[in-house]
Amino acid sequence: MDDYDLITRNAAEVVTEDEVRALAEDPDGKRAYVGYEPSGVLHIGHMLTANKLIDLQEAGFEIVILLADVHAYLNDKGTFEEIRETADRMREQFVAYGLDEDDTEFVLGSDYQLDEEYVLDTHALELETTLSRAERAMSEIQRGSNPKVSQAVYPLMQALDIEYLDLDLAVGGLDQRKVHMLAREVLPTLDYEVRPAVHTPILADLTSGVGKMSSSDGVTISMEDTEADLREKVNKAFCPPTADPEPDAEGNERENPVLQIFKYHVFPRFESVVVERPEEYGGDLEYDDYDSLADDVDSGELHPADAKGALADYLDELVAPGREKIAEQRS
Ligand code: IYR
């Protein structure tokens with residue numbers, strides 16, 4: 001796979017392709033980041049962007065993970081003290097998940113976001129931006145339905161992070177795209193350069209395949225799930241015998257979340273996938289890529305129940321090191 005394909009594989013959106021192509025010509029030493037509002041335990045959404053960071057690390061990028069404590073505070077996620085405490089635990093879980101500790105720079109937002117220069121730049125962007133523009137940028141990130149002034153400041157600071165952390169590439173879930181678009185508009189007003197972004201998809205709700213998987217409502221996979229939890233969640237998941245399910249009764253689009261997890265979580269981290277089956281049901285199957293597994297589900301060669309069993313095994317392998325770290329953190 002060439003560097004551009006590795007940088008963009010499994011991405012839902014690349015802004016812009018030309019800018020990322022230019023980076024892919026010589027990725028060595030270029031800096032890419034994701035920012036996360038610290039929370040106690042990683043969930044499958046964190047793991048999806050982390051998979052992209054692992055791709056970028058393989059392509060030669062330096063990786064920066066911003067533990068965005070000030071942002072979490074502005075977004076009403078708790079007291080500063082509480083948030084700070086979770087940031088450290090989150091860092092250890094990312095390392096357990098597979099981000100090379102020596103090659104990943106973990107930065108706490110409050111280490112530089114309270115400096116005078118940064119604060120004055122934030123105010124300069126406040127002057128450049130209308131409240132309605134800032135609110136629009138926050139619509140998929142915001143906690144609560146009645147936006148606070150702090151939540152309008154939040155996306156402006158996220159834009160400045162790209163400059164202050166001296167980055168070449170911003171990575172995030174599709175829920176971050178409106179902030180990254182705002183950044184492209186406002187950074188040049190301070191004579192700062194625009195930087196490209198790669199956005200990962202948001203996976204579908206596990207039980208229905210309709211709408212988004214969410215850590216705040218519905219079922220999500222988390223790093224504290226036991227093997228039995230994972231098996232139960234996967235077994236209850238929506239998995240029709242097709243990669244492209246029909247819309248539901250109300251006409252809402254549906255996805256196959258079991259296949260999505262194979263695509264975005266399992267294949268990027270494992271050379272091949274083995275589905276164990278008793279001899280009488282045809283014996284084990286081995287897949288080198290996602291498409292061949294999806295084709296077998298489509299054709300009926302691979303039964304959803306067998307696919308689910310294998311998915312729970314692989315998810316358990318991905319989650320186990322982080323789960324052990326969490327147990328250690330709590331003891
Ligand atoms: N908005 C992110 C958190 C965040 C991301 C970046 I990239 C920043 O520079 C700052 C904060 C979230 O929704 O978790």
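Whatever order the structure lists ligands and atoms in, that order sets their numbers, starting from 1. Keep in mind that the numbers below use all heavy atoms, side chains included, and drop hydrogens, waters and symmetry copies. This one's a predicted model, so the numbers in the text were calculated from it and none came from an experiment. One is the number of the first residue; the rest follow in order along the sequence.
Nearest heavy atom pair, residue Val258 against residue Ala237, reads CG2-CB, 3.8 Å. Between Gln113 and Val119, the shortest heavy-atom distance links the atoms O-CG2, 3.7 Å.
A distance below 6.0 Å separates the ring centres of Phe80 and Tyr73. Taking the centre of each ring, Tyr36 and Phe94 come in below the 6.0 Å mark.
A side chain to side chain donor-acceptor pair (under 3.5 Å) with Glu224 is found for one member of Arg323, Gln93, Arg330 and no other, namely Arg330.
Inspection of the Thr104 and Gln57 side chains reveals an N or O donor paired with an N or O acceptor under 3.5 Å. Looking only at atom types and distance, the side chain of Asp306 has no donor-acceptor partner in the side chain of Tyr281 under 3.5 Å away.
Every atom of ligand 1 is numbered from 1 in the order shown, and the set under 4.0 Å from a heavy atom of Ala68 is 10 (C), 11 (C). Close contacts between ligand 1 and Tyr154 involve ligand atoms 1 (N), 2 (C), 3 (C), 12 (C), 13 (O) [criterion: under 4.0 Å to a heavy atom]. Each of the following atoms of ligand 1 lies closer than 4.0 Å to a heavy atom of Ile141: 1 (N), 13 (O). Shown in contact with Asp161 at under 4.0 Å from a heavy atom are these atoms of ligand 1, numbered in order with element: 8 (C), 9 (O), 10 (C). Near Tyr33, meaning under 4.0 Å from one of its heavy atoms, ligand 1 places the atoms 6 (C), 7 (I), 8 (C), 9 (O).
From Lys233, atom NZ reaches atom CG of Asp225 across 3.5 Å, with rounding to the nearest 0.5 Å.
Proximity of Met157 to ligand 1, defined as any heavy-atom pair under 4.0 Å, is not found for any part of the residue. Contacts between Gln158 and ligand 1, counted as non-hydrogen atom pairs separated by less than 4.0 Å, involve both the backbone and the side chain. At a heavy-atom cutoff of 4.0 Å, ligand 1 is contacted by the side chain of Leu66 but not by its backbone.
Between Tyr36 and ligand 1, no pair of N/O atoms sits closer than 3.5 Å.
Nearest to atom 13 (O) of ligand 1 among the protein's heavy atoms is Gln176 NE2, 2.9 Å. Protein heavy atom closest to atom 5 (C) of ligand 1, with residue, atom name and distance, is Gly35 O, 3.3 Å.
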